[in-house]
J.: 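Here it is, the structure in full.
Please read all numbers here as calculations on a predicted model, not as lab measurements.
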Amino acid sequence: MEENTKAVQIWDNALSMVLKIPGALVDRKDFLKRELSLYCKEQQLNDILEGRLKTTEVLTKKKIQKLAKGSIKYHRNLASIASGVAGIPGGFGMMAAIPADMAQYLYHVIILTQKLLYLYGVPDLRNNNEIDDGTRNIITLFVGIAMGSDKASQGAKKLLEMLAKEVAIRIPRKALTKTTLYNIVKQSAKWIGIKLTKNKLGNALGKMVPLIGFPISASLTYITFTNMSRKLKNHLDTEVLENLEQ
């Protein structure tokens, strides 16, 4: 029981830390305006931004997937470069470099998670532009998917099913008060916390090798980020785009 609580706390602390970094919380309207301006008519774009239409009602499956791949590539490259720089001996002290590397990695994972959800038609995760427990729960579920949690996949599927029944500009708070969903969020947080604890050792070993710290850190991040983002995208493809026109 104590081990479970510790794992949940590790993720809660990491999430809190990352969300305090400028830019970690994505502005849905600003992001979609940039991404969709070339693919939508002005009225369609306004309707999406104001929650009257979903992206999936305007864009084809291929267009959504193209935009998703672009976001994945962008954040994967940034995370890999940042990880490599953090891995250069002398760039940070050992005790500082490990959490810095983990923080920048999670920073890009969390931003990418929000961007993919918005591209796939999920309403604004924020509550009046603020982070609340609902925001944290949703991010936890989908980061859990990226890290391979089956429980997170089950919870996210239920959430997406709820959201498919209505068009909204924000996530309905009632969707996050379900006891079952809350329990799944906690199990997902535990899964992520355990993963983070295990990954710290691997990252630290990469940084201990003189001169080749950069390629090792950057390559590990590139591979890991690719695998995680693919899991998340595949889940959204299956649950959201399955019946959408090509």
J.: Residues two or more places apart in sequence or in another chain: which of them pass ring-ring contact (aromatic ring centres under 6.0 Å, His included) with Phe225?
T.: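 For Phe225 the ring-ring contact (aromatic ring centres under 6.0 Å, His included) partners, ignoring immediate neighbours, are Tyr105.
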J.: Does the pair Ile21 and Gln104 meet the rule for a side-chain contact (heavy atoms from CB on, under 4.5 Å), with working shown?
T.: CA-CA 10 Å; Ile21 301 174; Gln104 66 79 22; over 6 Å; no
J.: Can you check whether Leu241 reaches Leu236 side chain to side chain, under 4.5 Å on heavy atoms?
T.: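 The answer is no, as the side chains (C-beta and beyond) never meet within the 4.5 Å cut-off.
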J.: NZ of Lys66 to OG1 of Thr60: how many Å apart, nearest 0.5 Å?
T.: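 One finds 10.0 Å between NZ of Lys66 and OG1 of Thr60.
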J.: Side-chain contact, heavy-atom cut-off 4.5 Å: Leu67 with Thr55?
T.: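 In short, these two side chains do not touch, never coming nearer than 4.5 Å.
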J.: What residues, two or more places apart in sequence or in another chain, satisfy side-chain contact (heavy atoms from CB on, under 4.5 Å) together with Glu161?
T.: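 Applying side-chain contact (heavy atoms from CB on, under 4.5 Å) to Glu161 gives Lys157.
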J.: Do the side chains of Lys29 and Glu50 get close enough for a salt bridge, i.e. N-O under 4.0 angstrom?
T.: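 Yes, charged N to carboxylate O under 4.0 Å.
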J.: For residues Gly155 and Leu181, report the shortest heavy-atom separation together with the two atoms involved.
T.: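 Scanning both residues, the minimum pair turns out to be O-CD1, 3.3 Å.
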J.: Taking only residues two or more places apart in sequence, or in another chain, which ones meet Asn13 in a side-chain contact (heavy atoms from CB on, under 4.5 Å)?
T.: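 Per chain and number, Asn13 pairs via side-chain contact (heavy atoms from CB on, under 4.5 Å) with Gln9.
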J.: In Å, rounded to the nearest 0.5 Å, how long is the span from NZ of Lys158 to CG of Leu141?
T.: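 Going from the NZ atom of Lys158 to the CG atom of Leu141 covers 10.5 Å.
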J.: Indicate the atoms forming the closest heavy-atom contact of Cys40 with Val58, along with that distance.
T.: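 Smallest heavy-atom distance, with atoms named: SG-CG1, 3.7 Å.
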J.: Rounded to the nearest 0.5 Å, what's the gap from OG on Ser229 to NZ on Lys73? Could you check?
T.: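 Between Ser229 OG and Lys73 NZ, I get 13.0 Å after rounding to 0.5 Å.
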J.: Search all heavy atoms of Val18 against all heavy atoms of Ala103 and return the closest pair with its distance.
T.: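 Closest pair (atom of Val18, atom of Ala103, distance): CG2-O, 4.0 Å.
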J.: With a cut-off of 3.5 Å and sequence neighbours excluded, list every side-chain donor-acceptor pair involving residues 108-120.
T.:
residue	atom	partner	partner atom	Å
His108	ND1	His75	ND1	3.1
Thr113	OG1	Val109	O	2.7
Gln114	OE1	Val26	N	2.9
Gln114	NE2	Ala24	O	2.6
Gln114	NE2	Ile110	O	3.1
Lys115	NZ	His75	NE2	2.9
Tyr118	OH	Asp124	OD1	3.3
Tyr118	OH	Leu125	N	3.1
Tyr120	OH	Asp237	OD1	2.6

J.: Show me the donor-acceptor pairs, under 3.5 Å and distance only, between side chains in residues 142-152 and residues at least two apart or in other chains.
T.:
residue	atom	partner	partner atom	Å
Ser149	OG	Lys151	N	3.4
Ser149	OG	Ala152	N	3.1

J.: Looking only at non-hydrogen atoms, find the nearest pair between Glu35 and Ser71 and report the distance.
T.: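 Heavy atoms of Glu35 and Ser71 come nearest at OE1-OG, 4.4 Å.
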J.: Rounded to the nearest 0.5 Å, what separates atom OG1 in Thr56 from atom NZ in Lys61?
T.: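 Rounded to the nearest 0.5 Å, the OG1-NZ separation comes to 12.0 Å.
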J.: Taking only residues two or more places apart in sequence or in another chain, which ones pass side-chain contact (heavy atoms from CB on, under 4.5 Å) with Lys69?
T.: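 Counting only residues at least two positions away or on another chain, Lys69 forms a side-chain contact (heavy atoms from CB on, under 4.5 Å) with Lys233.
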J.: Rounded to the nearest 0.5 Å, how far does OG1 of Thr221 lie from CE of Met228?
T.: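 Rounded to the nearest 0.5 Å, the CE-OG1 separation comes out at 11.0 Å.
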J.: Any ring pair (Phe, Tyr, Trp, His ring centres under 6.0 Å) involving residues 4-41? Give me the pairs, sequence neighbours left out, ordered by first then second residue.
T.: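 The answer is none; no pair qualifies.
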J.: If you compare all heavy atoms of Lys54 against all heavy atoms of Leu163, which two are closest, and at what distance to 0.1 Å?
T.: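 Heavy-atom minimum between the residues: NZ-O, 2.8 Å.
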J.: Listed by chain and number, what are the side chain to side chain donor-acceptor pair (under 3.5 Å) partners of Thr226, not counting sequence neighbours?
T.: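 Scan of Thr226 (side chain to side chain donor-acceptor pair (under 3.5 Å), adjacent residues dropped) gives Arg76.
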J.: Could you go through the side-chain hydrogen bond (donor to acceptor under 3.5 Å, both in side chains) check for Asn183 and Gln187 one step at a time?
T.: CA-CA 6 Å; Asn183 290 336; Gln187 292 177 59; over 6 Å; no
J.: Are Leu49 and Leu36 side-chain neighbours, meaning at least one heavy-atom pair lies under 4.5 Å?
T.: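 Not in contact.
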J.: Going by heavy atoms in the side chains, are Leu160 and His235 under 4.5 Å from each other?
T.: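 Touching, per the 4.5 Å side-chain cut-off.
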J.: Within a strict 4.5 Å, meaning less than it, do heavy atoms of the Thr135 and Asp132 side chains meet?
T.: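 Result yes, sub-4.5 Å side-chain heavy-atom pair found.
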J.: For Glu42, enumerate each residue passing the side chain to side chain donor-acceptor pair (under 3.5 Å) test, keeping only those at least two apart in sequence or located in another chain.
T.: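 Result, side chain to side chain donor-acceptor pair (under 3.5 Å) vs Glu42: none returned.
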J.: Do Arg28 side-chain atoms and Arg126 backbone N/O form a donor-acceptor pair below 3.5 Å?
T.: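 No; judged by distance alone, with no hydrogens or angles, the pair does not exist.
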J.: Which heavy atom of Leu32 sits nearest to which heavy atom of Leu45, and what is that distance?
T.: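 That closest heavy-atom pairing would be O-CD1, 4.0 Å.
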